[in-house]
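First up is the structure itself, then whatever we jot down about it.
Reckoned from all heavy atoms, side chains included, excluding hydrogens, waters and symmetry mates. Lettering of chains follows the sequences in order, A, B, ..., and the numbering in each one begins at 1. These numbers were taken from a predicted model, which means no experiment stands behind them.
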2 protein chains.
Amino acid sequence: MTDTLIRSWQSVQEEVLRRINARIWKPGELIPNEAELASEFGCARATVNRALQNLADTGLLERRRKAGTRVATHPIRKATLDIPIIRNEITAKGFAYRYSLISSEKIVPPRDVIARMQLERGNKALHLVAVHLATGVPYVFEDRWINPGAVSGVEGIDFTRQSANEWLVENMPFTAGDITFTAMTGGRREAEILACEPGAGLFVIDRTTWTKDRAITFVRLVFAPGYRMHTVI
Amino acid sequence: MTDTLIRSWQSVQEEVLRRINARIWKPGELIPNEAELASEFGCARATVNRALQNLADTGLLERRRKAGTRVATHPIRKATLDIPIIRNEITAKGFAYRYSLISSEKIVPPRDVIARMQLERGNKALHLVAVHLATGVPYVFEDRWINPGAVSGVEGIDFTRQSANEWLVENMPFTAGDITFTAMTGGRREAEILACEPGAGLFVIDRTTWTKDRAITFVRLVFAPGYRMHTVI
DNA sequence: CAAATTATTATGTGCAGACATATAACTCAA
DNA sequence: TTGAGTTATATGTCTGCACATAATAATTTG
């Protein structure tokens, strides 16, 4: 029994974590309710609530009204990972960042892109292909489609000077987005642009952003071999 | 101007989001302080605080004491993604789950594993190779090392019946973990176990879990081609 | 005995007020 | 001019209380 008072929500959280790790409260088990913990720790119920809610957010606890709070049976559940702004990621590693536009054209997108972005069939969209370089070495290959119907004024922008991502971030708010991580086998095109072997396994991020039901942009980022995305839990 | 009162923290959050999206508060700009917003919305400062803190957690706002709260310049910053429990992921898709142990031996691990897990050189570790199947089709290939120094009693367990992951989750609490997502080019071994073409690009998750400075286990999950990990922001 | 209703209970959220803490901004002396 | 010390201010958090809400458990009713 600790004599030190547990009054901040962080210390409540620590103590709860300690009990989970020490198996005092085992996976699947019900823990005492907020009022009991509050009186045990000598703090207000709101403080306990804050701590438990935070742990529930990270997936370590499961809470339901009336039913109470129990230790999650499968603790590894959620990881928060930082989606890097490519320029920042490269400069943070100490490399010089450079962006190079390979092509820009307005064409009717292929079927899968139409489906992803829920575009009208037959309408053209802006297609940009570019590469981001770290001290001259290809880092990530960007294949982007922009919906001109949702992004007014995009046609006049010179994307050779500013990356589409940066322009969009500054000029188009978005309300939602979805991200998919996957792997692909590099073909000739990827090998050429990323200066790697054809057939290499490449890490891919697909991202679509939306503003109130309309797709703004769909971008596929294909990273050079060896790219790792890291997070701690 | 809305006449409807904004009193719940969710509605405060919605209103703040609306203003960010409508560019009333632009990226990088300072927004009114909590007290002002509270009096504007007709609610308590604590309610505004809850809403703004939540938005800061998701990376849309940046807050600093005394300096105030400003709209983040790079809104796409953090994504929370669910780390799947493989059994659940497979059964959730409506497939039958099966786990098959391919090999189990106690050997001195290779250098990279020793480095990752910070093991003593020359000490043996338990090496398990297994595959998880969805209705008989290989879904993910699991290559795992377990530190017997940190996991007492692991040597007597029959991992042909229960997957190592499930046994560990139930029997070993962990305090920290780190996860890396990457891609690899499949070799002969992966092709054989996952029943795919050699040379295919494969999605990989590396995970190490720790209990108070000692590595419990390091596992590499290599997913069959076409695997996608999805999240929304 | 099953279905519908009511009571109970644990979490969820709101409020006002107070104090804590970080830090930007200012003041003043060397 | 610069560095150290001070002040003001916005966010961070705690408290005690109240009521809302969801969901289980108990009870009544047809």
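Classification of E15(A) and R19(A) as a salt-bridged pair holds, one side-chain N sitting under 4.0 Å from a carboxylate O.
Note that CG of N21(B) is 8.0 Å distant from CG of L60(B), once rounded to the nearest 0.5 Å. Note that CG of L61(A) is 5.5 Å distant from CD1 of I31(A), once rounded to the nearest 0.5 Å. Taking CG from L52(A) and CD from E34(A), the interatomic distance works out to 5.5 Å, rounded to the nearest 0.5 Å.
At whole-Å resolution of the value, CG in N33(B) and P in dG12(D) are 12 Å apart. For the pair E34(A) CD and dT15(D) P, the interatomic distance rounds to 13 Å; values are reported in whole Å. What separates CG of L37(A) from P of dC14(D) is a distance of 15 Å, to the nearest Å. L55(B) places its CG atom 12 Å from the P atom of dG12(D), with the value rounded to the nearest Å. Computed from coordinates, the Q13(A) CD to dG12(D) P distance equals 16 Å when rounded to whole Å.
Counting all heavy atoms, side chain and backbone alike, I146(A) lies closest to A164(A) at CD1-CB, 4.4 Å. Contact detail for T217(A) and M117(A): the closest heavy-atom pair is CA-CE, 3.8 Å. Considering all non-hydrogen atoms of both residues, C43(A) and V12(A) come closest at SG-CG2, 4.2 Å.
The stretch residues 82-101 of chain A participates, sequence neighbours left out, in these ring pair (Phe, Tyr, Trp, His ring centres under 6.0 Å) pairs: Y97(A)-H132(A), Y99(A)-H132(A). Within the structure, every pair that satisfies the salt bridge (charged side-chain N to carboxylate O under 4.0 Å, His left out) test and touches residues 218-233 of chain B, not counting sequence neighbours, is listed here: D206(A)-R228(B), D206(B)-R220(B). Note on residues 84-95 of chain B: pairs passing salt bridge (charged side-chain N to carboxylate O under 4.0 Å, His left out), not counting sequence neighbours, are R87(B)-E166(B).
Interface residues of residues 45-53 of chain B facing DNA chain D, ordered by number: R45(B), N49(B), Q53(B); criterion, heavy-atom separation under 4.0 Å. Heavy-atom distances under 4.0 Å link DNA chain D to R64(A), R65(A), K66(A) of residues 63-71 of chain A, given in residue order.
Among the atoms of the strands shown, none is found under 4.0 Å from any heavy atom of E36(A).
Protein chain A contacts DNA chain C from dT8(C) to dT13(C), reading 5' to 3' and using non-hydrogen atoms of the protein with a distance under 4.0 Å.
Under a cut-off of 6.0 angstrom, the local environment of CZ in R214(B) is sparse, with at most 12 non-hydrogen atoms contributed by other residues, nucleotides or ligands.
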